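Worksheet for the structure shown next.
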Amino acid sequence: MIDETKESALILERLQPLFTAQWHCQYRIDVVNNQYGHVFNFFLDIRRPKHRERSIPLHSLRTTDLEVLERVISQVRQGTALTLNFVDFGHVRWPLSQRWIR
């Protein structure tokens with residue numbers, strides 16, 4: 001059984017030292033549906049002008065249950081104001097809120 005509170009706290013804990021607010025710098029969290037590894041991966045994406053884009057791994061959520069992911073995402077959103085980008089989810093709705101995954 002996965003504890004969503006611990007998982008989201010771990011993501012936010014790993015995010016904190018990597019996020020240093022700088023001018024002309026864009027930050028976002030990428031949530032990737034790894035269909036072959038049966039996990040959801042979280043990355044911090046950093047874009048600076050005239051620099052190469054960086055994608056730093058934060059955490060892998062070892063489940064394919066969208067309800068668990070939705071609860072973790074809601075707790076991560078409460079802890080940070082960064083944009084969340086969902087990759088490789090296709091045309092799917094969240095099971096609890098019935099909103100499109102975007």
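The model shown is predicted, which means the values in this text are computed figures rather than measured ones. Atom set for the values below is all heavy atoms of this structure, side chains included, hydrogens, waters and symmetry mates excluded.
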Discussion item. Do V87 and N33 make a side-chain contact, defined as non-hydrogen atoms from C-beta onward lying under 4.5 Å apart?
Written reply: no

Worksheet item: Mind checking whether L96 and F86 sit in one hydrophobic cluster, side chains of I, L, V, M, F, W, Y counted as touching below 4.5 Å?
Response: no

Fill in: Nearest atoms (heavy-atom pairs only) where H59 meets I11
CB-CG1, 3.7 Å

Worksheet, complete the sentence: Minimal heavy-atom distance between S8 and Q75, with the atoms involved, is OG-OE1, 2.6 Å

Worksheet item: Roughly how far, to the nearest 0.5 Å, is CD of E67 from CD of E4?
Response: 9.5 Å

Worksheet item: Is there side-chain contact between Y27 and T80, with heavy atoms separated by less than 4.5 Å?
Response: no

Fill in: Taking every non-hydrogen atom, the tightest pair across F43 and S55
CB-OG, 3.6 Å

Worksheet item: Do the side chains of R28 and R47 get nearer than 4.5 Å, heavy atoms only?
Response: yes

Worksheet item: Roughly how far, to the nearest 0.5 Å, is the CD atom of E7 from the CZ atom of F40?
Response: 12.0 Å

Worksheet item: Could you give all pairs that pass the side chain to side chain donor-acceptor pair (under 3.5 Å) test and reach residues 85-102, with sequence neighbours left out?
Response: D30-N85, E70-S97

Worksheet, complete the sentence: Looking only at heavy atoms, the pair that brings V32 and F89 closest together is C-CE1, 4.3 Å

Worksheet entry | Distance (rounded to the nearest 0.5 Å) between H38 NE2 and D65 CG | 14.0 Å

Item to complete: Mind checking the CD-CG spacing from Q78 to L12? Nearest 0.5 Å is all I need.
Response: 9.5 Å

Practice prompt. State the CG-CD1 distance between L84 and I101, to the nearest 0.5 angstrom.
Written response: 12.0 Å

Worksheet item: Which of these, V76, I29, I56, sits in a side-chain contact (heavy atoms from CB on, under 4.5 Å) with L15?
Response: I29

Fill in: Derivation and outcome, side chain to side chain contact (heavy atoms under 4.5 Å, CB included), residues F42 and I73
CA-CA 10 Å; F42 289 81; I73 291 294; 3.7 Å; yes

Worksheet item: Do L18 and I46 touch side chain to side chain, with heavy atoms closer than 4.5 Å?
Response: no

Fill in: Donor-acceptor under 3.5 Å (R14 side chain, L58 main chain)
yes

Discussion item. Could you check whether any side-chain heavy atom of N41 comes within less than 4.5 Å of a side-chain heavy atom of V31, counting everything from C-beta outward?
Written reply: no

Worksheet entry | Flag side-chain contact, heavy atom, 4.5 Å: L61 against V39 | no

Worksheet item: Distance-only, no hydrogens or angles: does the S60 side chain make a donor-acceptor pair with backbone N or O of R62 under 3.5 Å?
Response: no

Discussion item. For the CD atom on Q16, are there more than 12 heavy atoms of other groups (residues, nucleotides or ligands in this structure) within a distance under 6.0 Å?
Written reply: no

Worksheet entry | Heavy-atom pair with the smallest gap, counting every atom of D45 and E53 | OD1-OE2, 2.5 Å

Worksheet item: Would you say the side chains of R48 and Q26 form a donor-acceptor pair under 3.5 Å?
Response: no

